[in-house]
Participant: 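Below: one structure in structure tokens.
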Number of protein chains: 2
Amino acid sequence: MTVTLADVAARAQVSPATVSRVLNGNYPVAASTRERVLRAVDELDYVLNGPASALAAATSDLVGILVNDIADPFFGIMASAIQSEIGGPGGRAGGERLAVVCNTGGSPERELTYLTLLQRQRAAAVVLTGGAVEDAAHVAAVENKVRKLADAGTRVVLCGRPPSPDAIALTFDNRGGGKQLTEHLIGLGHRRLGYIAGPEERTTTRHRLEGHRDALAAHGIEDDPKRTVHGRYDRQAGYDATLELLRRDPSLTAVVAANDTVALGACAALRDSGLRIPDDVSVAGFDDLPFAVDAVPALTTVRLPLSEAGARAGRIAMGREEPPPGGIATVHGELMVRGSTGVPRE
Amino acid sequence: MTVTLADVAARAQVSPATVSRVLNGNYPVAASTRERVLRAVDELDYVLNGPASALAAATSDLVGILVNDIADPFFGIMASAIQSEIGGPGGRAGGERLAVVCNTGGSPERELTYLTLLQRQRAAAVVLTGGAVEDAAHVAAVENKVRKLADAGTRVVLCGRPPSPDAIALTFDNRGGGKQLTEHLIGLGHRRLGYIAGPEERTTTRHRLEGHRDALAAHGIEDDPKRTVHGRYDRQAGYDATLELLRRDPSLTAVVAANDTVALGACAALRDSGLRIPDDVSVAGFDDLPFAVDAVPALTTVRLPLSEAGARAGRIAMGREEPPPGGIATVHGELMVRGSTGVPRE
DNA sequence: CTGTTAGCGCCTTCAC
DNA sequence: GTGAAGGCGCTAACAG
């Protein structure tokens, strides 16, 4: 029924071994023979059997990319960049690698499940993106999985995620970025800043919040717990949190959000409360996603080089670029000052 | 080295076949035996070999999702919904299916490559999302691939893409949506409307534009070719196109964009030109992505039920929902009137 | 309900 | 540079 390598061999009048060799291209084959084989492949419309190939070779052409939320451009941009470096010639058999993105939805269980699935598929490499959940049991479980993958020859790269043993890590300097941002606000004269943090148990949340607090502390501003609210990384959370912050302290002059999406929700809440941005309240985000510049007023935020970092992670995963010394590199953000922040009122 | 099914069998003192049966769960096994096997699996930390399994069974647990641009929430939202119906129990061996999203970047070649890769992996199902390229050769090539996949037992579902033989299709009524939108504008009194279309060769572009023209024709408004500009589906294209439209005809009172992202660019261009929205010029988008409501003013647009359609496509791909009669279903959009459109000036 | 027996299609030494 | 042979780990009939 389906065409196999043996069929191709028969048509090209060579042995199956030879066909395999021209397909994989990693073995000397006479030009004329190769020609004949390729023609047979074409005529028969032959498609390699991936599973059979992976079974025999004990490795596959699959490269997994794990993301927390595929509907969030933060991850989409990174995934796209990673993938652009992974697709294209370079794999076994025919040259292409199958870069596949897996959406964990931020769930630790799904993350582990996908890691197992990828392990099961004998993936060539795996890239884990975005912040991690800090629960000790989960961290241990992931480290365990990563070690198994590494032992099995799967290269594991972390992109925008804190370091972990047995994996190469490109971490974002969320703490430094958070600090810069808050210092910018403090520099403008703000003293009563609300902070909308992400979900409690995530590293990204913690690091950005710590940066914010570092800045407050450095300037002798009391860190009133009333001025921090936690929520999801989405617009609605930003909206709700802003109303809550305003309720707790109507004298706030600035709101720092966990990311740009949350900041957008904050802006909406402020507008709906009759407050002007930045005249009454300044707003800042994080990430500098494409829409940040289109907000009205444009969002002050910290730009993270998502594309660049993703591309680099992809190259490292493919073994096309040297891992950073020590296996860890820190990627810094850049403060983008725009119209949403200004001097405080009064 | 690595633990195999035979090792598990030995430890549980049963035959490999029995282990396979409890793992796949599709065959009666005594509870006590199952218990013993599961314990052995756990103790040995056994992970099924996907390729071997797929080879023997002639099908894999992989489900492919093709998207044009993973960094675009339009696709991210659909992919997320599709995947939510695909992951989870139901697959062979251990219950999980590996839903993988492949980013074609809108390139016909990459689309075909991914289809081949998925065919090579003996994917259980494939979902193609978003508009298609209309080039005849490419259409034929895709149809050919789809037929091959279908013949090999891979279920193929199209989501937000025009029908094709051998595949089940959930199409978006882009034409109807486009018509509704333009009629809304005409109803407000607009007569000089600019239109920013997407890339020329895409079905989505063509259908939305046709809907727009249908509306103009239905109201006896001349369709001046000067008032239509093509560009990519991104913000910058919207920005540039708007300046161009304004240059060609400064008397425009409304701009209809191919999608929300483009509309955002249009808004920016208008603002930068000193024009107020909607007082001077009305703006409309398409899709109703999450950020549309956060634009200032909020964007009038056509909501496409991306999540619902994606979820349905996912269920159909998994065989958990009946395909629509005739294999084709049309999904309609809903006009969302917001602040970005109003009566024309003067 | 469980064991036995053949492959699934390919890669990879090993010879020539 | 090319062929022959064995086996990768699992599943799917068949028996029993």
Participant: Ignoring backbone atoms, establish whether A/Ser15 has a side-chain N or O less than 4.0 Å from OP1 or OP2 of D/dG3.
Facilitator: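 The answer is yes; a side-chain N or O of A/Ser15 sits under 4.0 Å from OP1 or OP2.
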Participant: For the pair made of CG in A/Asn24 and P in C/dT13, what is the distance, rounded to whole Å?
Facilitator: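 So the two atoms are 12 Å apart, to the nearest Å.
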Participant: When the distance from CG of A/Leu23 to C1' of D/dT2 is rounded to whole Å, what number comes out?
Facilitator: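 Atom-to-atom, A/Leu23 to D/dT2, this comes out as 16 Å.
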Participant: Looking at every strand, decide which applies to A/Val19 at a 4.0 Å heavy-atom threshold: base, sugar-phosphate, or nothing.
Facilitator: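 It contacts nothing in the nucleic acid.
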Participant: Figure out the CG/P separation between B/Leu5 and C/dT5, and round it to whole Å.
Facilitator: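 Computing the B/Leu5:CG to C/dT5:P distance gives 17 Å.
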Participant: Determine: side-chain N/O of B/Ser53 to OP1/OP2 of D/dT11, distance under 4.0 Å, yes or no.
Facilitator: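 The answer is yes; a side-chain N or O of B/Ser53 sits under 4.0 Å from OP1 or OP2.
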Participant: Please determine if A/Glu43 and A/Arg11 form a salt bridge, counting it only when a charged side-chain N lies under 4.0 Å from a carboxylate O.
Facilitator: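 Counted as a salt bridge, because a side-chain N and a carboxylate O are separated by less than 4.0 Å.
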Participant: With hydrogens left out and only the distance checked, is there a donor-acceptor pair under 3.5 Å joining B/Arg21's side chain and the base of C/dG3?
Facilitator: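 Counting by modelled atom types and ignoring angles, a donor-acceptor contact under 3.5 Å is found here.
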Participant: Looking at B/Glu111 and B/Arg161, is any side-chain nitrogen of the basic one under 4.0 Å from a carboxylate oxygen of the acidic one?
Facilitator: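 Salt bridge: yes.
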Participant: Less than 4.5 Å apart, any side-chain heavy atom of A/Asp135 and any of A/Val139?
Facilitator: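 No - every pair of side-chain heavy atoms lies 4.5 Å or more apart.
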Participant: In whole angstroms, how far is the P atom of C/dC8 from the CZ atom of B/Arg122?
Facilitator: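 Computing the B/Arg122:CZ to C/dC8:P distance gives 13 Å.
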Participant: Any side-chain N or O of A/Ser20 less than 4.0 Å from the OP1 or OP2 oxygen of C/dT12?
Facilitator: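 No, outside the criterion.
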Participant: Using a heavy-atom cut-off of under 4.0 Å over every strand shown, decide if B/Leu55 touches base, sugar-phosphate, or nothing.
Facilitator: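 Counting heavy atoms under 4.0 Å across all strands, the contact made by B/Leu55 includes a base.
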Participant: What does B/Ala30 touch in the nucleic acid at a heavy-atom separation under 4.0 angstrom: a base, only the sugar-phosphate, or nothing?
Facilitator: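 Since only primed, P, OP1 and OP2 atoms lie under 4.0 Å of B/Ala30, the category is sugar-phosphate.
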Participant: So does A/Thr18 get a side-chain nitrogen or oxygen closer than 4.0 Å to the phosphate oxygens (OP1/OP2) of D/dT2?
Facilitator: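 The answer is no; no side-chain N or O of A/Thr18 sits under 4.0 Å from OP1 or OP2.
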Participant: For B/Arg34 and C/dT2, give me the distance from atom CZ to atom C1', rounded to whole Å.
Facilitator: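 Value for this atom pair: 13 Å.
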Participant: By nearest heavy atom, map B/Ala31 and B/Ala56 onto DNA chain C; which one lands nearer the 5' end?
Facilitator: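 Between the two, 5'-proximity favours B/Ala31.
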Participant: Taking all non-hydrogen atoms of both residues into account, name the closest pair between A/Val133 and A/Gly106 and its distance.
Facilitator: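 Taking A/Val133 first and A/Gly106 second, the nearest heavy atoms are CG2-O, 4.2 Å.
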Participant: Which whole-number value in Å describes the distance from A/Asn49 CG to C/dG7 P?
Facilitator: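 A/Asn49 atom CG is separated from C/dG7 atom P by 18 Å.
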Participant: Of the candidate nucleotides D/dT11, C/dC1, C/dT2, which contains the atom at the shortest distance from the side chain of B/Pro28?
Facilitator: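 The listed nucleotide nearest to B/Pro28's side chain is C/dC1.
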Participant: With DNA chain C as reference, determine whether B/Ala17 or A/Gly50 sits nearer its 5' end, using the nearest nucleotide of each.
Facilitator: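 Nearest nucleotide further toward 5': that of B/Ala17.
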Participant: Taking atom P of C/dT2 as reference, at what distance in whole Å does atom CD of B/Gln13 sit?
Facilitator: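 About 14 Å, once rounded to whole Å.
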Participant: Taking B/Glu134 first and then B/Arg202, would you say they form a salt bridge - that is, a charged N and a carboxylate O separated by under 4.0 Å?
Facilitator: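 Looking at B/Arg202 together with B/Glu134, the answer is no, because their closest N to O distance does not fall below 4.0 Å.
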